[in-house]
A.B. asks: 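I am attaching a structure below and will ask some questions about it afterwards.
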Number of protein chains: 2
Amino acid sequence: MGSRRLRLALVGFGHVGRAFARLLPGAFARGLRDAGLAPVVTGIATSRHGSAIDPRGLDLAAAEEIASQGGDLRQLHRGRPPRGTLEFVASVPADVLLEVTPLDPRRGEPATRHVRRALERGLHVVTANKGPVAFSLSSLLVLARRRRRRFLFEGAVMDGVPVFNLVRSCLPGVRVLGFRGVLNTTTTRILAGVESGRRFEDALADARRDGVAEADPSLDVDGWDAAVKTCALANALLDASLRPDRLARRGIAGLRPAAVRAARRSGGAIRLVARARRAGRRVAAQVGPERLAAFDVLASERADGVLVLETDLLGEIGIYQGPSGVEQTAYALFSDLLSLAAPRR
Amino acid sequence: MGSRRLRLALVGFGHVGRAFARLLPGAFARGLRDAGLAPVVTGIATSRHGSAIDPRGLDLAAAEEIASQGGDLRQLHRGRPPRGTLEFVASVPADVLLEVTPLDPRRGEPATRHVRRALERGLHVVTANKGPVAFSLSSLLVLARRRRRRFLFEGAVMDGVPVFNLVRSCLPGVRVLGFRGVLNTTTTRILAGVESGRRFEDALADARRDGVAEADPSLDVDGWDAAVKTCALANALLDASLRPDRLARRGIAGLRPAAVRAARRSGGAIRLVARARRAGRRVAAQVGPERLAAFDVLASERADGVLVLETDLLGEIGIYQGPSGVEQTAYALFSDLLSLAAPRR
């Protein structure tokens, strides 16, 4: 099969971006080549390590080493350097923008700006960033359609586990009526820690030490991360137009440790549960702690996420994600890139 | 979009076949027409209600009424009646055979014969029957490839929940290394009944009354049903060549009720667990009762099935099926038919 060159530009080069760069030359490139695509990374933009563009393709191993040692990517750059990330997005010679910047979940930026700018200039956009999906999905999809480009975001929720692709590719004719899920790993870890006798603060410290918690732990504890995921899912699966900053949201900070332990002793568990449901033309959604019964699938142990879809033709379908890492998110980017090769259904 | 006529012949007209016939004129036909296919059922063969062929299309409502009242489908037949089901399969004017006969899980027949004969004469085959997949998948796939036809079987395990399609369509490049699952609803119901104080026999009677148990309950209790599903999954997802009659298989009949209740009291649960795993070039698999820990996703309540795939790139991905019925299985037939419209990837 003949190969078509696929020029990729990365915005953001943190854990996910670097995992992608590490995996691209091996398994991912093989898969893409089998689908007729020859990937090359022509640009990387970061806020802290500078940016680099090389139309002939960047040396990814060198880029990863520079970034991980705190160096400056500009030493890999050729030509006039772009001023800032938005100019990078507007000018990098690429076919696809991979958006993997850190997210401010209260505003969905700067990711949404990057996505919009890239679509406007006619790039496909693949993101693992839930912000644009949670804050602006419908307008971004309209923009993508107008430009005849794809906006793909499998990695936005549950990392590489195919949530959006499952519904799109494997459930033809099925209408999703609602969902419930436990989508934030940090709060699950904290509550499990409290159940086993840890103090709240110590359980949170454990989650941070394990690299699970957000840099700003209030984003987990106050339910922001779960709210953004809930809106992303509701917007994509229920055609909703929700925004995280308007969602009914309660975190776990106000829970009494004694209540958390009592729930566990009685066989159940308190978890931060996300819910959404069609109600006529509207979609009602919320995030808050709930007491789950023993053996509720949402309380499954060792889960980094559990999502149960309620559907019209198939009843309840649940998806369970085991312990997960950045490689899984990088896989989501790869699977989205692959679908650029396939004819759109 | 122009429509291509898609002639369907049903072998078997029990719960699943009738549910399909009931749903076809509405949602299913709409979905198929959107994909460019105009479905028409040209034949129905049964072992107890006779057979009917009409190249112009059978009246499905009439067929369903006749069958449900114990009548004979021959009154809908036109022309020389076929002698027996195999002659029906060999001669019915059709593009696709839908195989939905009852299964003898100890031998995988008569379904496998039907599938083979239909593929040989150049029909696509769609089945909700796990027997052919468990006993003869690789040879049937070879035959299908040679005839340039599809052999599709999404409904064989977990009804309409897309297990096989998930791996085929949504996990490109991912290698499934193994799986564990609770796949037999009857044994789960019996064990849950025993946990709550019922006698084994009474819990089994409950499951039969609810229409969950096989007509011959030993097929559930002795692990045959789970063994057939395990082989179907292993053959399709792990490229194994297992056969249910050679699988290490233990049922739940030998379990002591006191042990079942003690496991539950300590927060866990005993369930009939299916396991398979690649081991070099071989695949090791087994079915038997296991003690699951509290909050193991396999022990999820209200589940008609739970399957956890172990993969190389994505770690563990679980699929949970809520309470389910024949409509879900009928949906699997529909989703397989839809993929006959799509270009093969």
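Just so you know, these numbers use all the heavy atoms, side chains as well, and skip hydrogens, waters and symmetry mates.
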A.B. asks: Show the numbers, then the answer: is there a side-chain contact (heavy atoms from CB on, under 4.5 Å) between B/Cys170 and A/Ser335?
C.D. replies: CA-CA 8 Å; B/Cys170 294; A/Ser335 73; over 6 Å; no
A.B. asks: List the atom of A/Leu314, the atom of B/Val161, and the distance in Å for their closest heavy-atom pair.
C.D. replies: CD2-N, 4.4 Å
A.B. asks: Identify the two heavy atoms, one from B/Arg264 and one from A/Ala294, that lie closest to each other, and give their separation to 0.1 Å.
C.D. replies: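 Shortest heavy-atom contact: NH2-CB, 4.1 Å.
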A.B. asks: Measure the CD-CG distance between A/Glu301 and B/Leu292 for me, rounded to the nearest 0.5 Å.
C.D. replies: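 Rounded to the nearest 0.5 Å, the CD-CG separation comes out at 12.0 Å.
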A.B. asks: Do B/Tyr331 and A/Leu171 touch side chain to side chain, with heavy atoms closer than 4.5 Å?
C.D. replies: yes
A.B. asks: Less than 4.5 Å to any heavy atom of chain B: does that hold for the side chain of A/Arg302, its backbone, both, or neither?
C.D. replies: side chain
A.B. asks: Which residues, numbered in order, of residues 317-326 of chain B come under 4.5 angstrom of chain A by heavy-atom distance?
C.D. replies: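 Hits under 4.5 Å: B/Ile317, B/Gly318, B/Ile319, B/Tyr320, B/Gln321, B/Gly322.
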A.B. asks: Any idea which of A/Ala299, A/Ala27, A/Ala293, A/Gly31 has the most non-hydrogen atom pairs under 4.5 angstrom with chain B?
C.D. replies: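 Looking at each option in turn, the highest pair count goes to A/Ala299.
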A.B. asks: Quick check: under 4.5 Å, non-hydrogen atoms only, which of residues 266-273 of chain B neighbour chain A?
C.D. replies: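 Residues of residues 266-273 of chain B touching chain A at under 4.5 Å: B/Gly267, B/Gly268, B/Ala269.
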A.B. asks: Identify which part of A/Leu298 has an atom lying under 4.5 Å from any heavy atom of chain B, answering side chain, backbone, both or neither.
C.D. replies: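 Contact with chain B is absent: no heavy atom of A/Leu298 under 4.5 Å.
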A.B. asks: So which of A/Val308, A/Val306, A/Val174 has the biggest tally of heavy-atom pairs under 4.5 Å with chain B?
C.D. replies: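 The answer is A/Val174.
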A.B. asks: Could you tell me if the side chain of B/Pro162 sits less than 4.5 Å from the side chain of A/Leu166, heavy atoms only?
C.D. replies: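 When only atoms from C-beta onward are counted, B/Pro162 and A/Leu166 do touch, with a gap below 4.5 Å.
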A.B. asks: May I ask you to name which of A/Asp296, A/Leu23, A/Asp159, A/Val297 has the most heavy-atom pairs under 4.5 Å with chain B?
C.D. replies: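 The candidate making the most pairs under 4.5 Å is A/Val297.
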